[in-house]
Amino acid sequence: MIDSQEMVKKVFTQNSARIDTNKGDAYYNSLFEKAKSRLSALRKQPALKDIDLMEVVESEGVNRRDFMKWASATTATLMLPPMFTPLVAEATELMNRVPVVWIELQDCAGNSEAILRSATPTVDDLLFDVLSLEYHHTLQAASGHQAEHQLEDAIHTFKGKYLLFVEGAIPKAMNGQYGTIGPGGETFEENLNRLSKDAAAVVAVGTCATFGGIPAAAPNPTGAVGVMDIVKGKPIVNIPACPANPANMVGVVLHYVLTGQVPELDSLLRPKFAFGYRIHDNCERRAHFDAGEYVEEWGDEGAKNNWCLYKMGCKGPMTFNNCSIIRYNEGANWPIGVGRGCIGCSEPDFWDKYAYERPMADANIKAPTGGVEKTVDEFGLGLLTATSIGIGVHAVASAVAGKRTVHSEDEE
Amino acid sequence: MKTVDIVERIEGEAKLICQWDKEKISDVKIQFLNFRGFEFILKDKPILDALVYTPRICGICGQAHLKATVEAIEDIYKNHNEELTLTNKAKLLREIGLNIEIIDSHIKWFYMFIMPDIVKFSNNSLEEYSALKGKKWLEASSIASETIKSLAVIAGQWPHTSYMVPGGVVSDPTLLDLVTMQNYMDQAIRFYENSLIGTNLDTYLSFNKSEDLYKVKGDLKDFITISFENGFEKIGKSYNRHLVLGDSLSFEKGKISRKLTKNIDYENIEEFTTNSFDIDKSKVSKEAYTWSKTALYANSFYETGPLSRAVVQNRSFVSDIHKHYNDSMFTRVLARMDELGFLLSKTKELIQQININEESFIKPKVSLKDFHYGIGQSSVEACRGSLYHDVEIENGIISKYDVITPTVWNLGPGIDNKLSTSQKAIVGIDSLEKAKLILRSFDVCSVCTTH
Ligand code: SF4
Ligand code: SF4
């Protein structure tokens, strides 16, 4: 099994794949000082949960060295220089000082399911042991009226301090009657507005919460929108993908614990540490793309040899996400690993924009030009919101030149 | 008297409105108030897109939706006398994927969704079961996340994957992959033995009489003890009619109303919106109170799920328990945990049957776009019961897509003075807490129910 954390580290320390987010020594030095004083202030605060992380770590049979290995890989994931490693380790221990409230709106609970198996490489239940999840719609102990009181308590007690995680879109049509919550019939929109009011920051998880996701796919019957279309005047972090990668959720919390701020974001409010580069930039099949070796149909020789899935409609070249590095299910695998191609699930409107008979066959798509290792803001949004992607395969000659399957999209 | 309560710690939320008469529930309405409109979204999309859309109906049973979609599409081919050939390997990889998802769901359901409420009825304080921090809760969460990795090996990720395509699957596991999957299954089996049943899996699978309940140890014993202390074997009884629409290497289709028949005809399935909201406001009836529709088979309400599967298939242990306690809340929960053991052993066996030298995929000779018109239906057994997909296409584009999820069979609204399966199970109960437990015993998923 590939150790995903080791992979992360490798990728980020490789010159060829490095994304230039280096902001210079002065910046990091001042951030370092800031993080240090923030952590010592946090340490003085009472823990919301009386758990000693190192005790947990050790009781799970993980030694300090392994834990520090994890911390150094996580530091790399967060795109911070190595000197932050001890601080990241400390921040993990102090995660229980930052309350998290998690609500579900128009969703499938897929992101909750995903976080249940959050990549916490040294200790499986590290997150639940340490993170102070004050309320979670699906996972909490209480239910019914009791659960409601718990939520009220949490937002009252931690006024201005809690991170509000939101899963699911918000239906605006028919006065919000497509989604109501609680005995009083509060609409999802009212609920979100009320709970975000006193949050320190709002984190939208999954493509539904970020960009409206699947409920917003044409014809958007319920008038679904994302969190950033509703919540104003608050720091918002978008962690799109379907489901969002738990590693990125943990990353955002850690960054917040460490610095008291949300991480650096792109123009779609996505953390750059996770969405600063494309799937394609670090894809394990990339060498085959460059060599012009493509899978031409499922199950062919190319498929058996793990060649590039571009011609099968892989959207990796236009999708910003770190799943090619982090993978899913604690590094177990990812879509391209089993040969099905990326469907672009972390891009806005991907349901409609990237719809190309998924899983696609015989697709003609065109990667945005401008070379690799570019961020979304360097590309400009225009490129990525272009509706027409049927421009014919270009750039590289196919290894199986001239081979065409019967039902070409060009005919349409 | 009327009470309104909400049921959380399910996928989404349900609202329970009870009418009380002499301290007993005389009428109950189960409301699901969250709607996304999948059937509208699927319309006018290319049919292959459905392979990516439908798994997102539910974050827990996405594999079931994927398999239902791919099989409905293959049914379109069949209806055009262009039946696709699937290799045994492809069939196995699909079913194994689905089974792993059910295994994962059953583990989580017991520890995360129902035990935290059941232990409130115990005379002892069972803190190990408490949500988010109890030892058993954490252990279950960790073993579930290990187990699901065996699905990620062939599917790429979980939840939400689309590794099945008409003609087979896209993935081509190596021997090493299969061994890895076996190892994850073995871990889950060890958990089942050590924590849940406190005995060897083979020993457990040899249990065939209700008296064998006394031989069960582990956490399931806690459940059994609490149940008999509180009479859970007497509550939650509904029509005792059972339906299994899907058949596979693991399950058999059939139904039981008074007697068992293995004859299932999709023609007998009907869906009604009399008591459901309609997206077209002009059609909303005055009676509407939920987004869930009503599903009937041969004009009757049927229960679907692990209990139904066990009795239709006549798995001896559960069948004998069922003879004594019928479709009670106790039987229902026990059947789900029994199915966990059954599937662990079955799935291991299925993984062993894979011949990696076979193809994973055989390309269809014709494109779906070549069919001017096509219809297809399919049914698979998902964690919570029978899932049914019914699709109609014109020139490769979806003109109608209808989904009936297991929870619609169990939890949809009654119709014409006939109580639905879950309503019937709740009416007559003397406490709200018990009513909520009965509701949970069906494994509620509000997002699936309304989709
Ligand atoms: S096109 Fe897809 S499969 Fe090919 S290298 Fe890029 S991301 Fe990987
Ligand atoms: S590979 Fe693409 S489609 Fe798959 S999870 Fe990553 S971003 Fe989403």
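Note on naming: letters A, B, ... go to the chains in the order of the sequence lines (proteins, then strands), and numbering restarts at 1 for each one.
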Determine the minimum heavy-atom distance between [X] and [Y], stating which atoms define it.
X        : Y        : result
A:Thr180 : B:Glu13  : O-OE2, 4.4 Å
A:Leu105 : B:Asn34  : O-ND2, 3.3 Å
B:Ile41  : A:Pro219 : CA-CD, 3.9 Å
A:Ala147 : B:Glu8   : CB-OE1, 3.0 Å
B:Pro159 : A:Gly110 : CG-O, 3.4 Å

Evaluate the side-chain proximity of [Y] to [X]: yes if any heavy-atom separation is below 4.5 Å, no if none is.
X        : Y        : answer
A:Trp351 : B:Tyr53  : yes
B:Gln157 : A:Arg340 : yes
B:Phe40  : A:Thr222 : no
A:Lys304 : B:Glu359 : yes
B:Lys45  : A:Asp352 : yes
B:Thr161 : A:Pro335 : no
B:His160 : A:Cys108 : yes

Heavy-atom proximity to chain B below 4.5 Å, by part of [X]:
X        : result
A:Ala218 : both
A:Pro221 : both
A:Glu104 : side chain
A:Asp107 : both
A:Ala303 : neither

When only pairs under 4.5 Å are counted, which of [options] shares the most heavy-atom pairs with chain B?
options                                : value
A:Gly337, A:Pro215, A:Gly339, A:Gly182 : A:Gly182
A:Ala224, A:Pro183, A:Gly299           : A:Pro183
A:Ile181, A:Asn111, A:Asn306, A:Val338 : A:Val338

Hey, what do you get for [atom1] ([X]) to [atom2] ([Y]), rounding to the nearest 0.5 Å?
X        : Y        : atom1 : atom2 : result
A:Cys208 : B:Arg36  : SG    : CZ    : 7.0 Å
A:Glu186 : B:Leu33  : CD    : CG    : 13.0 Å
B:Phe277 : A:Met174 : CZ    : CE    : 7.5 Å
B:Ile154 : A:Asn333 : CD1   : CG    : 10.0 Å

Let me know if [X] has heavy atoms under 4.5 Å from chain A in its side chain, its backbone, both or neither.
X       : value
B:Phe38 : side chain
B:Lys43 : neither
B:Leu16 : neither
B:Ile10 : backbone

| Winner by heavy-atom pair count (cut-off under 4.5 Å) against chain A, out of B:Val447, B:Val4, B:Val7, B:Ile6 | B:Ile6

If we ignore hydrogens and angles and just use 3.5 Å, is the side chain of [X] paired with the main-chain N or O of [Y] as donor and acceptor?
X        : Y        : answer
B:Arg56  : A:Gly213 : no
B:Lys363 : A:Trp298 : no
A:Asn329 : B:Ile148 : no

| said: Once ring-ring contact (aromatic ring centres under 6.0 Å, His included) is applied, do any residues pair with B:His65, and if so which ones, sequence neighbours excluded? | reply: B:His389

| said: Suppose the criterion is salt bridge (Lys or Arg N to Asp or Glu O under 4.0 Å): which pairs have a residue in residues 152-174 of chain B, not counting sequence neighbours? | reply: B:Lys89-B:Asp172

| query | What do you reckon, is CD of B:Glu127 surrounded by more than 12 foreign heavy atoms closer than 6.0 Å? | reply | no

| said: Can you confirm whether more than 12 heavy atoms, excluding those of B:Asp280, are under 6.0 Å from its CG atom? | reply: yes

